[in-house]
Amino acid sequence: MLQIKFSSASLPAGGALAILVPEGEKRSAIFQQADKATNGALTRAAKADDFTGKEGSACVVLAPSDAFERVVLIGIGKLEAVDAWAAEKAGGAAASRLGRDEQATLAVGDLSGALVAHAALGAVLGAYHFGLYHGAPEASKNHRLAELSVLTDHVDAAEEAWPSLSAVARGVVLTRDLVTEPANVLNPVEFAERASTLKSLGLEVEVLDRAAMEKLGFGALLGVAQGSANEPRTVILRWNGAANKDEAPLAFIGKGVTFDSGGISIKPAAGMEDMKWDMAGAATVTGLLTALAGRKAKVNAVGVVGLVENMVSGTAQRPGDVVRSASGQTIEVLNTDAEGRLVLADILWYARERFAPQIMVDLATLTGAIIISLGHEYAGLFSNNDQLAAGLADAGAFAGEKLWRMPMGKEYDALLKSDIADMKNISGGRAGGSITAAQFLKRFVGETPWAHLDIAGVAWASKAQNGQPKGATGFGVRLLDRFVRDGYEYEPKD
């Protein structure tokens with residue numbers, strides 16, 4: 001992970017430098033000093049490129065002097081409009097353009113201490129690169145950045161805010177790493193073993209194997225797993241940070257299908273390689289609990305992730321099979337590719353029964369239908385509680401991880417009626433697919449305030465955007481961390 005150091009705002013002797021530039025404001029002292037040191041090269045380049053500091057704009061000046069290898073100007077828009085998300089985007093954009101250099105400097109101008117820390121968070125995430133399987137050094141030549149010095153007049157305030165945000169960065173990085181790993185490496189057992197290493201942060205980690213899940217009656221989850229040679233696991237992560245250790249926890253539930261072939265209802269070959277990230281919900285829950293433990297959050301929280309591989313074999317679940325869930329409700333499986341909801345059915349019920357949580361939030365790459373509805377800009381939000389839904393939407397707006405609330409209702413619920421079981425796992429039609437999936441999940445949460453986040457469209461980015469690289473996004477870690485801070489730790493927003 002990129003190392004961050006906060007320093008007083010004085011022009012470095014040279015190297016690689018990024019400067020955040022507001023629109024319509026007098027240029028900062030660092031800009032003016034750097035411009036003077038490069039004989040006006042920055043001003044000339046900005047004029048030639050029509051760079052005014054507009055949000056999202058950038059101007060790269062290569063070798064403007066013997067001392068400076070590159071100077072990158074990053075527009076942040078009107079200074080008074082810069083919020084945490086805008087600062088993170090700017091920091092990410094700067095880091096992504098400084099990647100060829102092992103060490104670099106970021107000058108943030110007049111941003112407040114809290115916003116400086118958010119710019120540093122964005123830089124860490126913008127510099128992210130998964131290079132574990134690259135053999136040739138040139139493959140990573142654009143991802144060398146290891147240390148970033150952040151220049152600010154608010155060093156003390158930035159350093160005070162940074163440890164908490166650094167913990168969030170570690171959670172996002174872990175989530176991205178897990179989502180990016182190939183499925184031949186990250187199977188359910190390996191995922192559980194990696195989760196177990198988080199005990200070093202103070203998390204309690206419990207792993208349920210097949211025998212334990214059979215004893216608990218996890219018929220829906222185990223039905224998905226029965227076609228794979230890789231054993232299933234359920235992992236429970238607990239953080240007890242509230243003053244009252246007996247206070248009911250917040251529960252976060254994650255779908256962890258480490259590879260989804262679709263089972264006997266097999267997926268088309270084109271794009272099936274993407275199904276290694278059908279465990280993004282579980283990865284997000286793991287990253288969130290990592291962040292909460294890392295920053296010593298003053299809250300009790302539990303994460304429950306169901307880990308399976310959905311494969312085709314002679315032992316695979318068949319369309320038409322009926323399984324009995326841990327809740328006792330029976331499910332007619334009409335489509336084995338609608339497997340995520342079967343995994344969640346058991347662990348949602350388990351989390352509710354065992355922990356009696358204040359609220360439950362599940363995350364899952366659940367349906368392609370949500371991508372048809374919302375594209376890749378918003379995750380779908382479904383809930384049985386208006387207050388919970390509003391809190392999540394507000395947190396998403398703050399963190400730049402947007403949610404759109406979708407409808408639910410008994411009319412959709414009726415579409416799940418089965419002739420031979422308590423319910424079927426699909427409606428049987430294409431209409432409202434993400435909604436009927438949410439209605440299915442709702443049957444396992446009882447009266448507990450609950451929200452379902454369908455992150456199928458936002459867990460993976462096909463191109464770099466908003467200062468973040470192509471690939472796994474880590475969507476949900478920042479959103480849920482902010483949700484916990486604002487709703488349950490009663491800390492003011494930064």
Side-chain angles (χ1 to χ4, degrees), residues 170-171 174-175 177-179 181-241 249-260 276-294 300-311 325-327 339-340 342-357 360-364 444 476-477:
R170 287 195 297 273
L174 173 61
T175 297
D177 284 348
L178 290 170
V179 172
E181 282 280 13
N184 65 314
V185 174
L186 193 74
N187 56 45
V189 172
E190 174 64 18
F191 192 121
E193 289 177 354
R194 294 193 189 189
S196 294
T197 66
L198 300 175
K199 293 176 183 177
S200 62
L201 295 176
L203 285 170
E204 297 176 19
V205 184
E206 181 182 354
V207 179
L208 305 180
D209 61 11
R210 179 187 292 273
M213 289 186 280
E214 287 176 345
K215 187 174 181 179
L216 289 166
F218 281 19
L221 183 153
L222 292 173
V224 177
Q226 71 188 45
S228 175
N230 288 306
E231 285 288 295
R233 293 289 186 267
T234 289
V235 178
I236 300 102
L237 304 164
R238 297 192 69 177
W239 171 251
N240 293 310
L250 314 177
F252 301 97
I253 318 298
K255 170 191 170 184
V257 180
T258 59
F259 187 78
D260 180 19
K276 71 176 186 176
W277 48 262
D278 207 19
M279 36 60 71
T284 298
V285 170
T286 304
L288 172 65
L289 269 291
T290 297
L292 296 179
N300 293 340
V302 59
V304 182
V305 298
L307 304 168
V308 301
E309 190 176 53
N310 187 24
M311 297 296 284
S325 70
S327 69
E339 85 299 331
L342 299 175
V343 174
L344 290 172
D346 281 342
I347 59 176
L348 279 167
W349 177 87
Y350 175 75
R352 180 191 112 192
E353 291 296 305
R354 178 175 173 183
F355 299 108
M360 293 198 298
V361 179
D362 78 72
L363 299 97
F444 301 91
V477 175

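Note: W239 CH2 to L201 CG = 8.5 Å, rounded to the nearest 0.5 Å. Note: L186 CG to E193 CD = 10.5 Å, rounded to the nearest 0.5 Å. Distance check, rounded to the nearest 0.5 Å: CE of M311 to CG of D260 gives 10.0 Å. Atom CG in L221 sits 9.5 Å away from atom CZ in R210 (nearest 0.5 Å). For the atom pair CD1 of I347 and CD1 of I236, the computed distance is 9.5 Å after rounding to the nearest 0.5 Å. One finds the NZ atom of K255 at 12.5 Å from the CG atom of L307 (value rounded to the nearest 0.5 Å).
Inter-residue side-chain proximity for L289 and L198 is flagged as unmet; no heavy-atom pair is nearer than 4.5 Å. Under the 4.5 Å side-chain criterion, counting only non-hydrogen atoms from C-beta, S325 is not in contact with W349. At least one side-chain heavy atom of L178 sits less than 4.5 Å from a side-chain heavy atom of M279. Within the 4.5 Å cutoff, the side chain of N230 has no heavy atoms near those of the F259 side chain. No side-chain heavy atom of D346 sits less than 4.5 Å from a side-chain heavy atom of M213. A heavy-atom distance below 4.5 Å is not found between the side chains of S228 and V308. Using a 4.5 Å cut-off on side-chain heavy atoms (C-beta onward), R233 and D209 make contact.
Under the side chain to side chain donor-acceptor pair (under 3.5 Å) criterion, the residue pairs touching residues 194-203 are E181-R194, E190-R194, with sequence neighbours excluded. Annotation: ring pair (Phe, Tyr, Trp, His ring centres under 6.0 Å) contacts involving residues 182-223, sequence neighbours excluded, comprise F218-Y350.
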Start with the C-alpha distance between D362 and M360, add both sets of side-chain angles, then the distance that settles side-chain contact (heavy atoms from CB on, under 4.5 Å), and finish with yes or no. CA-CA 7 Å; D362 78 72; M360 293 198 298; over 6 Å; no

For E204 and N240, what are the C-alpha separation, side-chain angles and deciding distance, and is it a side-chain contact (heavy atoms from CB on, under 4.5 Å)? CA-CA 9 Å; E204 297 176 19; N240 293 310; 3.3 Å; yes

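With hydrogens and angles ignored, the 3.5 Å screen pairs no side-chain donor or acceptor of N300 with any backbone N or O of L250.
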